[in-house]
Amino acid sequence: MNKVRNWSLTVVVAGFLFGFDTVVISGANLPIKELWNTTPLFHGIFIMSMALWGTVLGSLLGGIPCDKWGRKKTLFWIGILFLVSAIGSALASNPYFFSFFRFIGGIGVGASSVAAPIYISEISTPENRGKLGTLFQFNIVFGILIAFFSNYLLEGFGGANDWRWMIGIVALPALVYSIIITQIPDSPRWLILKKRDDATAMKVLEMIYSKDDALDNFYEIKNDLIEDSSFKETVFSYKYKLPLILAFLIAFFNQLSGINFILYYAPEILEMAGLGSKESLMNSILIGVTNLIFTLAGMKLIDVLGRRQLMIIGSIGYILSLGMVALAFFNNLGPVVLMVSILVFIASHAIGQGAVYLGFYFRNIPK
């Protein structure tokens, strides 16, 4: 069990890189806008959101290398993508190169959201799968917090080029992750179903289970070779049409709520409300802290209040907090009211949709 925990702790560093790489752009936003003087449309679609376009591609295609090369190799190359993206973005001489390397990092983000949960689910037992799976969720929000904190510490570190340090610092954890991920084994499920390496798979299973349980799991995975096609037909049958549509809409509205806008543009939003550059970066840390605390609270409350109740609480919080953000700007209510409204929005997302969606995924993912 200790080995499974250690493997999981290694893999979820991908979640940390996910959160770190996604939000670190918030500190570089204003300096880059001033440096390259691009149009608002170009800045928004390319510079700021290019990583999100990469995330879409990575999440759509991430399963292909997982099946072809294995979860372990895919996770390794995800680390390389983060490493290349961080170094390339930090050294970029123009907005086009910068956008390209941010896109590379986005692919890593999207692929990690596929590969890491799959690997964790395939090396864990049904009893600890939910617990180990939430480590990935925790590391995403922890990475977001560290990104805000890192931006604050590095502001002014390199003078006019401090944004390069903010972006490039991601290379350090990416390098460490790429090294340590080589120490985990391939998942037994992939070894059996895709590589047909039963002997190696059995060795890995014996590190996870007792000898008898390992054998039982071995034959259970073997049976999935026969059941795989019928499972796909069942999942995509008309019977499950409504649940699949609802799952899609939950994920869709999770993003449409504006959570990424707040995380990406937090310092600029706070500067527009009257705070200075350093103050806005400092207050951005509060957003990361709030996100972390209420994500942990949401993970604890899922089994107490239920997912539906948390979704309702989060949605009400969305409406009230975003309404207050709009009023704060429209009536010029000042940075304090705006900051409180944003924190309520972050808390509503973290305890509601943010915790429920990923928590549901890990608690219901098949073996």
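Worth knowing before you read on, the calculation uses all heavy atoms, side chains too, and leaves out hydrogens, waters and symmetry mates.
- Every residue was checked against the ring-ring contact (aromatic ring centres under 6.0 Å, His included) condition with Phe103, not counting sequence neighbours, and none meets it.
- Summarising the hydrophobic clusters (Ile, Leu, Val, Met, Phe, Trp, Tyr; side-chain heavy atoms under 4.5 Å, direct or chained), the residues clustered with Ile316 are Ile312, Leu320.
- Under the ring-ring contact (aromatic ring centres under 6.0 Å, His included) criterion, Trp7 pairs with no residue, sequence neighbours left out.
- Side-chain contact between Val12 and Phe138: absent, with no pair of heavy atoms (C-beta onward) separated by less than 4.5 Å.
- Ser321 has its side chain out of reach of Ile342: every pair of non-hydrogen atoms, C-beta onward, lies at least 4.5 Å apart.
- Taking the six-membered ring where tryptophan is involved, the planes of Phe157 and Trp165 are perpendicular, since the angle between them exceeds 60° and thus also 30°.
- In this structure, Phe148 has its ring center no closer than 6.0 Å to that of Phe20.
- Partners of Thr200 according to the side chain to side chain donor-acceptor pair (under 3.5 Å) rule, which considers only residues two or more places apart in sequence or in another chain, are Asp197.
- By the side chain to side chain donor-acceptor pair (under 3.5 Å) test, Asp67 pairs with Arg71, sequence neighbours left out.
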Assess the residue pair Phe18 and Ile144 against the criterion (side-chain contact (heavy atoms from CB on, under 4.5 Å)); give the C-alpha distance rounded to whole Å, side-chain angles, the decisive distance to 0.1 Å, and a yes or no. CA-CA 8 Å; Phe18 180 137; Ile144 291 172; over 6 Å; no
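- Inter-residue side-chain proximity for Asp21 and Arg102 is flagged as met; some heavy-atom pair is nearer than 4.5 Å.
- The side chain to side chain donor-acceptor pair (under 3.5 Å) check on Lys33 picks up Glu268, with sequence neighbours excluded.
- Between the side chains of Tyr264 and Asn29, not a single donor N or O lies within less than 3.5 Å of an accepting N or O.
- Ring planes of Phe16 and Phe142: tilted class, angle from 30 to 60°.
- Annotation: Trp53, atom CH2; neighbour count of heavy atoms from other residues, nucleotides and ligands within 6.0 Å does not exceed 12.
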